[in-house]
Each structure stands twice: as C-alpha cells, then as structure tokens.
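One structure is given here, and the rest of the page talks about it.
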Amino acid sequence: MTRFSRLAIALWLFAASAFASEKYLFVWAGDQSRNNPDFLTVINFDERSAGYGSVVKTVLLSGAGATGNEPHHVGLSEDGKVLATGGLLSVLKGQPEIFFFDVSNPTNTRFLSSLDAPLSSITDDFEPLAGGGFLVTMMGGAQGHAPGRVVELNRDLRIVAEHPANPPDDGFNPHGISIRPSMNLMVTSDFICPTSTLHAMPGGLDLRGGVRVWDLKRREILRTVPIPGAGGTIDVKLIPNDAQGRAYTAGMVDDKLYLIDTRRGAATPVFDFKSIADGGWPQLMRMTRDGRRLFITLNQAGKVVMFDTSKPTSPKVLIVLDLGPNSGPHYLRLTDDEKRLVISDYFLNEDSAGKVHAEGDHKIHVAKVTRDSLSLDRKFQLDFNTAFASGPARPHGLAFK
C-alpha cells in the first residue's frame, strides 16, 4: 500500500468518525401528573441494535425542586460531555431553572447541578459556545414579565452575565436563538410574554413578533426586525453559508415563513403555511449544515415540513410528513450525519395554572432523511405514555451522542 493510499484511508476514517451515527438519544421529560420527579432518559439509538428504541437509563431529579419544572429545551456542550436542560415553569415553585447532566458516558449519565439566574426566568433554548459554556434564552425577567435576557454560562457552568446590560423595553421575550461566529452574528426571536399565559393574569396571550439582531462578540443588540401580526415568532435560524447573513423565522398565528435580512432589518414573507394547513402553528426549525434544507414542525396540524432552501427567497416544499391528528409535533433535531430527524410530540400544557393546553400524543418519532424526502422509521417505537412505570410523561428536548 502506497503512502498516499494510507493517507487517503486515514482521512476517510477521520471523516467517517466525525459524523458517525449516534448511538444514544437523550430525552428531557416531565411527569404528566407533576407528582413524580422530572427526568432525563437515555434511549438506545443504535439502528443495528436489537434494543433500538428502548430505555437504557433514566435519571430522576431529586430534592425539593424535582417536580413540576415543565422540562423544555436542551443543549449539548461543544465537547459532548454536558447536557444543559431547562425548566420552563420552575419559577412558579421558586425552584432552580437550569439543570446540568454529565453525559460523557451515556450509560452512566448522572445529574450534576442546577442554578437560577437572578435577573431572568422561564428558561428556553440553549446555544453551545466554542470552548465550553452556553448562551441561554430566558423569556422573562425575574418575575416572568418583560424584559427577558440571554444568560451566558462559562465552561464551569457558572453565570458570566445576563445580556444585554440594558434590555429593550418593547417586549423583549427571547425564545429562539441562532449564532454564526464567523460573521459575529447572533439572532433571537421574541415569542410571548410568559406571565400572560397564566390564569392569574387577565386577558389573552400577549404574543410577540420580531427578531433581534446582535453583535455576538459584544453581546449587544444592533437592531430589531419587527413583524407585526406574526402572532408569536417562536424560533429563528440563521442560514448556514449564506453570505448575506439572512435567517428564517415563522409566525405561529399568521402561518407565514419569513426571510430575515439581518443587515437591513427587514422581514419578507416567503411562504404561506395555509397552503398546507390553516392554523397549523409553525414552530421549531432545523437546517442542514449546507443551508439547503429546512425542517419545521406544524404543531396543531400534526405535520413536519421539509423545504428546499437552496434559493432562500423562494423555499420549495419537498415533502410534508403527516404524524396524524392531535399528534402535536414540536421539538425536533437532526443527527450529525443528517440522515435522521427526531421529533417529540409535546409542546406545553400548563394544566390548571394557565391558558396553554397543547398536549400532543407524547410519542417520539424518527424520520429517515434523504436529499428530497422524509419517511418514518417504523422500527423505532417510543411512547412516553407507556414507557415508564411512573405513568405518562411529556417528552420535550432531544439530544444525541
């Protein structure tokens, strides 16, 4: 074997290992009754295993703050050793809102610690940082009202700051977050004033519509992109490799997909989800690394849409995956090799405390991804109504390793 051949094989093995198929799926979930502890469960995600889709290990929260946190989004650290998770409603019980798990050895996953941010509450999304740590969107202030903050955690999982130093007073309630360090660019999307979802507050839901464009290094908001009538811009994603630094967001109530010009501060509707389902509630999004494919859940319609976004101004629907009536897909995540898309069927049910009741069917779906289609993996069957002896649970955030 020539030296060149050996080098070629070594490079191929390195590339293959860089995007090796993940073997474990982590699901952050809450007990439906809110009487039993919330938990992180580890699922066999090895397609070649006889136990594919089965529970490997479940780690319960412990102590006084173990129940009723309403487990929400998650984030895996850059080195893959720490999973950060959030409790959306922990503040209602005066409990810590951010929880950390050691997942360096998935079969021995263990709880590490928790913390509470002094100026903000209502933990939502996590963005891992190079070198360790996270940026975390907190939808509300300390009491759940506006303004919220973006909390910065260092590699030691300690709070560096709550950004920005002087938050806007025009409904700053960040939910979605996306960064492109090479362009010194960050965007967050405002979704809702959290306290307006509670019965204790009179009136309807105070939904937000707009995207904030940030200087990533300085952690400062440069401009606001208002989207009147959007009815809740729950997520935002910068388009990878886009030279103009554009992003997508969606109006949950007006059923529109918007292309965001982060430089000019403009939002242009580029697709109407009413052509698929009127009132479908477009929610969370994922994009492939090349920026040419976009996936988005339609929570009330029970569907997942896959777009061709090679022309950002005119996204094309490739396929609509139908998960069935009342399925309620919300959170989704692509595997590193981009061959599998995992979806959890649960958004939020505030039960007797609030006005939002979007239960879903509590199932986890795996869809096979090709360049132009999605198809359900029928071998993977996981129902959080029946998977645990403690009773039905609500699955939300997903991560892989």
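- The six-membered or imidazole ring of Tyr331 lies near that of His73, with a centre-to-centre distance under 6.0 Å.
- Atom CZ in Phe172 sits 11.5 Å away from atom CG in Asn166 (nearest 0.5 Å).
- With sequence neighbours left out, the salt bridge (charged side-chain N to carboxylate O under 4.0 Å, His left out) criterion links Glu338 to Arg289.
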Show me the side-chain donor-acceptor pairs of residues 316-323 shorter than 3.5 Å, one per line, residues at least two apart or across chains.
unit_1 : atom_1 : unit_2 : atom_2 : d
Asp322 : OD1    : Gly324 : N      : 2.9
Asp322 : OD2    : Lys303 : NZ     : 3.1

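- Side-chain contact check for Thr297 and Asn299: no donor-acceptor pair (N or O, by modelled atom type) lies under 3.5 Å.
- With Asn349 contributing its side chain and His357 its backbone, the two residues share no donor-acceptor pair below 3.5 Å.
- The salt bridge (charged side-chain N to carboxylate O under 4.0 Å, His left out) search around Arg149 returns none, not counting sequence neighbours.
- A donor-acceptor contact shorter than 3.5 Å links the side chain of Arg180 to the backbone of Asp242.
- For Asp290, there are no salt bridge (charged side-chain N to carboxylate O under 4.0 Å, His left out) partners at least two apart in sequence or on another chain.
- With sequence neighbours left out, the ring-ring contact (aromatic ring centres under 6.0 Å, His included) criterion links Tyr258 to no other residue.
- Note on residues 68-81: pairs passing salt bridge (charged side-chain N to carboxylate O under 4.0 Å, His left out), not counting sequence neighbours, are Arg34-Glu70.
- Residues satisfying the salt bridge (charged side-chain N to carboxylate O under 4.0 Å, His left out) test with Asp235, not counting sequence neighbours, are Lys237.
- Residues satisfying the ring-ring contact (aromatic ring centres under 6.0 Å, His included) criterion with Trp281, sequence neighbours excluded, are absent altogether.
- The salt bridge (charged side-chain N to carboxylate O under 4.0 Å, His left out) analysis of residues 117-143, with sequence neighbours excluded, yields no pairs.
- Applying the salt bridge (charged side-chain N to carboxylate O under 4.0 Å, His left out) test to every pair with at least one member in residues 374-388, sequence neighbours left out, gives no pairs at all.
- Taking the ring-ring contact (aromatic ring centres under 6.0 Å, His included) definition, one finds that Phe273 meets it with Phe271, Phe307, sequence neighbours left out.
- In this view, His72 and His396 satisfy the ring-ring contact (aromatic ring centres under 6.0 Å, His included) rule, not counting sequence neighbours.
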